[in-house]
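Chain letters run A, B, ... following the sequence lines, proteins first and then strands; every chain starts at 1. Remember, it's a predicted structure, so these values are computed and weren't measured experimentally.
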Amino acid sequence: MSSRLISVSLLVAVMVLGGCAGHMRNPPPLAVRQSIELNFAGQEAFDDGDNDGAFARYEDAMRLSRSIEDAEGIAVNLINMAIILKDSGKQQRAVAKLDEILKNDLIEFPSGLVAEAAYIKARIYLDYSSDRKAAEELAQRAREECEGCEAEGRIFNLTGRIAYVQGQYNTAFYWGQKGLSSSRRDNNEREAANAVRIMADSKLAIKEYDEALELFGQALEADKRLAHSRKIMRDLMGMGYSLEGLKQNDKALTFFRRAIVIASYSKDDKTLSDASKAINRMLGMQ
Amino acid sequence: MDEKNSGCCWMRHKAGLLVILFVAIIIAVYMGTRSDYFSAKTSVFILTDNGLGINECQPVVFHGFRIGKVGRITLTDDGRVKAELLIKNEYLKWVRTDSTAQLLKDGGGVIDISGGTPGKPVISRAGTIEFHLIPEIVTGLGGTCESGVSATDAGPAMADIKSDLMYVNDPDGEFRQSVDKLNRLFEGMTETRRDMQRVLAHTDGALMEAQPALRKLNDDIIPDAQTTLGAVSHAAARTETLMKNLNNNIPAILNSISECSSVSAREEPYGRGRHDHKVKKQSIIEVDSYE
């Protein structure tokens, strides 16, 4: 009897231990761990607003990764360096960093990271150059490399924005829908709100004001939860334009005024200007 | 009649108690031998401001070879952590006055002693050696699992535990065979007891009839019992050690399991954002698609 009891107890112990057996891997080598630590230090510096410090750490992490040909480490840190350069106004240098991934023929980088690099480069082209064709091609490459990766929602959204700025509103709406689907699947509320806003912009552009109003309202709810000031202003303006299109000027004025209040507190001159123009137009004061 | 029955039962209980005591002594001696309790050791000490990661019974190694273990860990009056290292006397010659100790968290949870300068004197009893704490990422179960002391404690013990589990559960192994023999022995004793009871129930010629049974008990069963108990105690001693190991390590293992299960649920091809420190993969700054 006692032997049976021992055997059962030990069997349970083995089953419990076995649950963790799949995770019993050897720890990564020292160089990899140091690279990871530098990456995290870079992240912390970036979060603290210290872009120079973050860049230096990412660069060190990238160098360490290069010394051991850790493809993932190289790509991750190159992308982070490119993002910091982009935000600092150094788009050309940012593109050069991304090309080390996109135009590399020596190392095989993980496809998810190649997709990420293509996505960032597409954004740079969209935001800082007039070459929409290049942006479109880069977005296509990002989609091809991604295929269900974590960045899929963002890539679809960016594709939608690129289509929108080229006046392809139905295409933009289509990609917005795909972006919404992917973002919801990944529980990414921010990108889901972006997708809804892209769809709303598209509906507004083709004068489907009812749907645009509904979609801007959904985006506004999400952006208020996420407390993103500029997007809240965009949504309010969108709702104002939609209501103006529906000839509901009184309600439209309310939204423009709300946008002005937020713009004045967040010192967004462009929105301030746009909202003021809209109000003046509606009040007949040109 | 009743008195004879109760006397016989009492004899049986007494014999049983003696057997249990005998087995317990054997187990204690076996456990002590396995855990080097009886081997001569010398205490040396390390002092550190941060004793995190140092645990009692943690191995002490020299060039990767186990030379002792961590004994008591106490706090000094000035708030420093003082850990006792029990070094086996035969290996004390490798520990010199300028030897240093460091906690290796990588792949284990061991105190690693450096040899020191040849020619320097061997450290004396109760001597103190310098201790370095290297702040590395704690890795243990799961490789990417940052789980501190519990992971490093669980790591080396699990190999022993698995070995012991295999030993105990092997149907052809010593332990299971010994337990089977013991079961057969007790069955024999039970049958004999029944015989004796039937015999003792008859007053006429009772002693004459009981004699063969008593002779059988004395000549056959007791010697068999002694032989079997010798084998069983050896096997049972390993089981005791196993249970002791389990008792010491299950809390640590369970902590690591909960860490591992939560890690596996979050595992991604690469990390995202600034809040994924527990995943311990490099993270990318996420760029909004709209702003």
Cation over ring face, A/R161 and A/W175, 6.0 Å, 45°:
no
Could you verify whether a donor N or O on one side chain and an acceptor N or O on the other, from A/N194 and A/K231, lie under 3.5 Å apart?
yes
Please say which of A/M233, A/Q218, A/R197, A/R230 ends up in a side chain to side chain contact (heavy atoms under 4.5 Å, CB included) with A/D223.
A/R197
Chain B contact via A/I83 - which portion, at a heavy-atom distance below 4.5 Å
side chain
Please state whether the side chain, the backbone, both or neither of A/D87 comes within less than 4.5 Å of a heavy atom of chain B.
neither
Which atoms of A/F156 approach chain B - backbone, side chain, both or neither, heavy atom under 4.5 Å
neither
Taking side chain as everything from C-beta outward and backbone as N, CA, C, O, which of these in A/I84 sits under 4.5 Å from a heavy atom of chain B? Side chain, backbone, both or neither.
side chain
Quick one: what part of A/S65 sits under 4.5 Å from any heavy atom of chain B, side chain, backbone, both or neither?
side chain
Check against side chain to side chain donor-acceptor pair (under 3.5 Å), A/N39 and B/K281
CA-CA 9 Å; A/N39 172 270; B/K281 284 189 179 285; over 6 Å; no
Mark yes when over 12 heavy atoms from residues, nucleotides or ligands other than A/R184 sit less than 6.0 Å from its CZ; otherwise mark no.
no
